[in-house]
2 protein chains.
Amino acid sequence: MAVREPRGRGGRRPTLEQVAERAGVGRGTVSRVINGSPRVSDRTRALVEAAVAELGYVPNTAARALAADRTDAIALVVPEPERRFFAEPYFSEIIQGVGQALAETEVQLLLTFAGGHKERRRLAQYLGAQRVDGVLLVSVHAGDPLPDLVDQLGVPAVISGRRSADERLPSVDSDNFGGGRAAVEHLVERGRRTIALITGPLDVYGARRRHEGCLAALEAAGRAADPELVAAGDFTEEGGRRAMAELLARRPDLDAVFAGSDVMAGGARLVLREAGRRIPQDVALVGYDDSVIARHMEPTLTSVRQPIAEMGREMTRLLLDEIAHRSADRPASATGERRQLVLATELVVRDSS
Amino acid sequence: MAVREPRGRGGRRPTLEQVAERAGVGRGTVSRVINGSPRVSDRTRALVEAAVAELGYVPNTAARALAADRTDAIALVVPEPERRFFAEPYFSEIIQGVGQALAETEVQLLLTFAGGHKERRRLAQYLGAQRVDGVLLVSVHAGDPLPDLVDQLGVPAVISGRRSADERLPSVDSDNFGGGRAAVEHLVERGRRTIALITGPLDVYGARRRHEGCLAALEAAGRAADPELVAAGDFTEEGGRRAMAELLARRPDLDAVFAGSDVMAGGARLVLREAGRRIPQDVALVGYDDSVIARHMEPTLTSVRQPIAEMGREMTRLLLDEIAHRSADRPASATGERRQLVLATELVVRDSS
DNA sequence: CATCACGGTGGGAGCGCTCCCACCGTACCG
DNA sequence: CGGTACGGTGGGAGCGCTCCCACCGTGATG
């Protein structure tokens with residue numbers, strides 16, 4: 001007759017204590033071996049490792065977290081209200097990168113959905129309740145209070161994309177300036193004379209940098225920046241349509257368009273087609289993001305690729321670094337380490353230009 | 001001069017004990033209030049709640065997990081080696097659904113990447129080490145040992161898609177049979193006479209069911225299933241190309257194609273175009289999945305939509321149910337509850353048919 | 001008026017681990 | 001040859017919570 005275990009499922013797992021007994025050593029020694037302390041003799045270490053293997057011992061996360069005040073978990077905070085965030089491959093790729101960086105460690109990834117303002121406040125509380133060792137914040141809005149809230153709570157955090165030129169928090173960004181510049185340089189090289197620009201919302205730092213890159217490329221090519229050739233979009237397809245219609249009305253002679261996102265480029269394409277302009281013969285079109293849309297558009301869309309998976313990877317590394325430093329009582333922020341990363345973008349040339 | 005806290009960041013958070021003292025009650029009573037036990041008088045409850053609010057108390061997850069042997073977290077196991085999994089919106093949508101279902105609860109979502117076979121084994125260990133209360137398994141292969149491993153460990157699990165007709169584990173599937181049938185019915189209604197089928201790998205249960213649905217629709221329309229009009233693909237674009245070329249060689253008179261996935265439909269489209277067939281005038285094309293590709297293909301692709309987000313939601317509900325039942329010492333598996341869900345699919349008609 | 005039942009409550013024990021202090025022995029020093 | 005240093009080790013204390021048992025008071029019961 002099977003004896004019923006006190007509680008829980010599938011029988012109790014072995015504890016540190018049991019491993020210690022089996023190896024004929026003390027609890028502290030086993031703990032030292034498990035945690036890779038150098039202060040253990042080789043003989044003892046081998047003994048303990050054998051016992052661990054025999055018993056199939058796995059440390060209890062909860063107990064460790066409670067005793068050591070460290071969870072070996074980080075959270076990726078997802079701004080859920082934005083469906084856009086899910087629709088674009090951005091999300092998947094970021095997670096892919098995070099997963100890769102985490103694979104080399106014992107750290108777990110927690111997904112947290114931050115909805116409205118109250119939920120964000122609740123989230124902040126939870127973060128304070130030692131649920132995770134650090135936080136990855138993606139797709140942060142300019143005026144979002146969350147990053148600073150998290151920072152004040154003393155929770156290590158890394159954000160994707162700087163919110164401004166003088167970002168204080170550790171961050172990983174892609175080279176928006178270089179990306180915008182490369183797109184326009186490409187159009188110039190292709191012999192395009194009248195290049196129109198559809199920008200993203202300019203209060204978003206990344207969108208503004210893209211635009212500044214475009215302007216720099218134009219200037220380098222000896223062309224004056226023409227306000228008639230610039231229209232602001234809002235990263236939506238509809239916004240791209242509106243901007244394109246506007247530009248076409250003002251300057252029917254344009255022969256190239258750079259849109260600050262693929263989605264806006266998609267909207268622009270529809271307007272161009274309706275106006276009877278052929279792509280790329282009459283008008284060259286370049287987008288930004290190198291999203292799925294770009295590869296499946298007709299014609300396929302030239303676009304600027306951001307290394308999103310790599311951003312996820314670097315964000316994670318930065319965060320793990322910060323966590324390690326803080327637990328060693330010397331925040332990386334105080335060691336003058338580089339905590340702002342900017343990764344290169346790449347122009348992917350396809351049929352639309 | 002600020003007194004340095006013993007350890008950890010940002011000062012200690014209030015504990016149950018402190019709340020108890022503040023409220024002038026015992027520790028047990030506070031615990032009861034926090035956990036919503038009915039065995040507390042209204043007066044006392046109000047007292048405790050006030051103290052909780054004043055102190056901004058949040059229970060320590062680790063301590064609770066240790067004491068109660070329950071983590072209030074579930075894991076979504078992601079089969080990482082498949083890049084396909086990330087590329088398709090499947091992943092994002094599943095997570096979206098899971099997030100929605102979890103939003104109503106206090107349960108956290110852990111993302112676990114299961115790479116090769118050893119990593120899966122390691123994963124199984126961790127699952128046993130009370131890291132999570134349950135597991136969501138997505139995109140499970142036919143011969144994958146993981147589901148049974150998890151089950152043997154006694155960890156509640158729900159899988160997406162049945163592995164066979166007599167799936168034992170709780171699962172949420174979409175109506176692949178109905179989806180395949182609807183696609184072919186649609187082609188029949190459109191007056192197509194010679195309907196070719198590109199199947200997925202038939203050892204994948206879902207793919208086989210789709211195919212069986214197709215055959216059922218053909219039979220219902222009084223058409224014999226013609227082996228010449230069936231070719232097997234492997235869910236890749238290249239596989240779709242090969243299958244389409246084969247079909248076209250065998251039956252140049254075909255006027256409709258159903259592909260078991262949008263990606264294969266994409267491959268088929270290229271071959272059809274090269275062969276000078278117009279879509280939909282000469283050949284109607286229908287895909288499956290209603291992925292981003294479908295919306296951006298030229299012409300836009302008619303496709304069968306699976307309610308993926310809803311599947312994520314239902315999987316989560318099923319899992320939370322199972323967890324609740326088990327902790328109440330009566331597994332849902334023993335109560336004869338329905339643990340296999342099949343959700344309806346929907347045909348989205350676009351320009352390709 | 002003693003007895004019982006029961007809603008309501010306090011607090012001990014213990015979950016499995018890390019941290020840290022005490023201690024042991026050996027090697028090296030003056 | 002006593003003193004000091006130090007690598008190596010054992011185990012007590014405690015992390016913050018839940019569980020459960022003992023207990024208290026009240027009102028119904030015999």
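Just so we're clear, the structure is a prediction, and the values are computed from it rather than from any experiment. First the proteins, then the strands, lettered A, B, ... as listed; each starts at 1.
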Donor-acceptor contacts under 3.5 Å from residues 154-163 of chain B side chains, at least two apart:
residue   : atom : partner   : partner atom : Å
Ser160(B) : OG   : Tyr90(B)  : OH           : 3.2
Ser160(B) : OG   : Ser139(B) : N            : 3.3
Arg162(B) : NE   : Asp173(B) : OD2          : 3.3
Arg163(B) : NE   : Glu167(B) : OE1          : 3.0
Arg163(B) : NE   : Glu167(B) : OE2          : 3.3
Arg163(B) : NH2  : Glu167(B) : OE2          : 2.6

Tabulate below the donor-acceptor pairs under 3.5 Å that side-chain atoms of residues 57-68 of chain A make, not counting sequence neighbours, or state none.
residue  : atom : partner  : partner atom : Å
Asn60(A) : OD1  : Ala62(A) : N            : 2.8
Asn60(A) : OD1  : Ala63(A) : N            : 3.0

Can you list everything that forms a side-chain hydrogen bond (donor to acceptor under 3.5 Å, both in side chains) with Thr316(B)? Sequence neighbours excluded, please. none
Under 3.5 Å donor-acceptor pairs involving side-chain atoms of residues 24-40 of chain B, not counting sequence neighbours:
residue  : atom : partner  : partner atom : Å
Ser31(B) : OG   : Asn35(B) : ND2          : 3.4
Asn35(B) : ND2  : Ser31(B) : O            : 2.8
Ser37(B) : OG   : Arg39(B) : N            : 3.1

Would you call Arg339(A) and Asp321(A) a salt bridge, taking side-chain N to carboxylate O under 4.0 Å as the test? no
Separation of atom CG in Leu16(B) from atom C1' in dG12(C), rounded to whole Å: 15 Å
For Arg317(B), the salt bridge (charged side-chain N to carboxylate O under 4.0 Å, His left out) test, sequence neighbours excluded, returns Glu314(B)
To the nearest 10°, give me the bend of the helix from dC1(C)-dG30(D) to dG30(C)-dC1(D), comparing the axes of its five terminal pairs at either end. 60°
Nucleotide dG11(D), atom P - distance to CD of Glu21(A) in whole Å: 11 Å
Taking only heavy atoms on the protein side, list every residue of residues 24-37 of chain A lying under 4.0 Å from any atom of DNA chain C, sorted numerically. Arg27(A), Ser31(A), Arg32(A), Asn35(A)
With sequence neighbours excluded, tell me which residues meet salt bridge (charged side-chain N to carboxylate O under 4.0 Å, His left out) with Arg70(A). Asp72(A)
Sorted by number, residues from residues 41-57 of chain A placing a heavy atom under 4.0 Å from DNA chain C are Tyr57(A)
From CG of Asn60(B) across to C1' of dG14(D) the rounded distance in Å is 13 Å
Expressed in angstrom and rounded to an integer, what is the separation of Asp69(B) atom CG from dC19(D) atom P? 10 Å
Which residues pass the side-chain hydrogen bond (donor to acceptor under 3.5 Å, both in side chains) test with Glu54(B), sequence neighbours left out? Arg22(B)
Measure from the side-chain heavy atoms of Ala68(A) and tell me the nearest of dG16(C), dC19(C), dT9(C). dC19(C)
What is the distance from CZ of Arg13(A) to P of dC17(C), rounded to the nearest Å? 12 Å
For Glu310(A), which residues count as a side-chain hydrogen bond (donor to acceptor under 3.5 Å, both in side chains) partner, sequence neighbours excluded? none
Please state how far atom CD in Glu17(A) lies from atom C1' in dA13(D), giving the value in whole angstrom units. 14 Å
Could you tell me the separation between the CG atom of Leu66(B) and the P atom of dG14(D), rounded to a whole number of Å? 17 Å
What's the CZ-C1' distance between Arg39(B) and dC20(D), to the nearest Å? 12 Å
Under a 3.5 Å distance rule, please check whether Thr71(A) uses its side chain to pair with a backbone N or O of Asp133(A) as donor and acceptor. yes
Among residues at least two apart in sequence or on other chains, which ones pass side-chain hydrogen bond (donor to acceptor under 3.5 Å, both in side chains) with Arg45(B)? none
